[in-house]
Amino acid sequence: MSDELRRRFVDLGDWQAHYRELGQTNKSTLVMFHGSPGSSFSLVPLMRALAKDRHVVAIDSRGNGDSTPFEHDAPSIADYANAHWDVVDAIGFDRCDIYGYHTGAAICTELSIKHGDRI
């Protein structure tokens, strides 16, 4: 297992997303969403515990951490969910488990409604 925390970026048209990654990529993937305001850094201790048995990715929400903010004021949970799913697709996950804390839980709910066949 790789217990080295890796920081990565993905370019998505006019914005860039930052995410943290732990564990081996050949294991099942868990994508984690932090509460707002904040960043994926808040999830690192839990990531370390969960990465013993799986591949774990935590994405900085748009406008939080090192991810580019939205161009419009007051984005909705649906806006955040759509942005996060763009990151999941760009990284290349066909299927993943998801976890969210606080605002991240609302994002997970929206993603489960829209993309339940891949979660």
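All residue numbers refer to positions in the sequence shown, counting from 1.
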Spatial distance of atom CD (Glu4) from atom CG (Leu22) [nearest 0.5 Å]: 9.0 Å
Side chain proximity check, Trp15 to Phe70, heavy atoms < 4.5 angstrom: no
Side-chain (Ser36) to main-chain (Thr103) donor-acceptor, under 3.5 angstrom: no
Any donor-acceptor pair under 3.5 Å from Arg118 side chain to Phe93 backbone: yes
Pair Tyr99-Leu46, side-chain contact (heavy atoms from CB on, under 4.5 Å): steps then yes or no: CA-CA 11 Å; Tyr99 164 89; Leu46 184 55; 3.8 Å; yes
Gap separating the OG atom of Ser42 from the NE2 atom of His34, nearest 0.5 angstrom: 6.5 Å
Arg48 and Val56, any side-chain heavy atoms less than 4.5 Å apart: no
Polar side-chain atom of Arg62 near backbone of His84 as donor-acceptor pair, under 3.5 Å: no
Common cluster, Leu50/Val31, ILVMFWY with side-chain heavy-atom separation under 4.5 Å: no
Pairwise distance CD1(Ile77) to CG(Asn82) - rounded to 0.5 angstrom: 11.0 Å
Spatial distance of atom CE (Met32) from atom SG (Cys108) [nearest 0.5 Å]: 9.5 Å
Side-chain heavy-atom pair Val57, Arg8 within 4.5 angstrom cut-off: no
Val10 reachable from Leu30 in the ILVMFWY side-chain graph, under 4.5 Å edges: no
Backbone N/O of Lys27 and side chain of Arg54: donor-acceptor pair under 3.5 Å: no
Ser61 to Ile107 - nearest heavy-atom pair and separation: OG-CD1, 4.3 Å
Parallel, tilted or perpendicular: rings of Phe9 and His18 (30°, 60°): tilted
Shortest non-hydrogen contact between Gly23 and His55, atoms and distance: O-CD2, 4.0 Å
Heavy-atom check, side chain of Ile91 versus side chain of Tyr19, under 4.5 Å: yes
OH/Tyr101: more than 12 non-hydrogen atoms of other groups inside 6.0 Å: no
Heavy atoms of other groups near Phe41 CZ, more than 12 under 6.0 Å: no
Ser39 to Gly65 - nearest heavy-atom pair and separation: CB-CA, 3.6 Å
Minimum heavy-atom distance between Glu110 and Ala81, given as atom pair plus value: CG-CB, 3.5 Å
Sidechain N-carboxylate O distance under 4.0 Å for Asp60, Arg7: no
Minimum side-chain heavy-atom gap Val87-Ser67 below 4.5 Å: no
Close side-chain approach of His115 and Val88, heavy atoms under 4.5 Å: no
Rounded distance [0.5 Å steps], CE in Met47 versus CG in Leu5: 5.5 Å
Residues Arg20, Leu43; criterion side-chain contact (heavy atoms from CB on, under 4.5 Å); working and verdict: CA-CA 9 Å; Arg20 290 174 166 84; Leu43 297 170; over 6 Å; no
For the student: nearest non-hydrogen atoms of Pro37 and Asn64, plus distance: CA-OD1, 3.5 Å
Reported OG1-to-CD distance for the pair Thr29 and Glu21, which is rounded to 0.5 angstrom: 8.5 Å
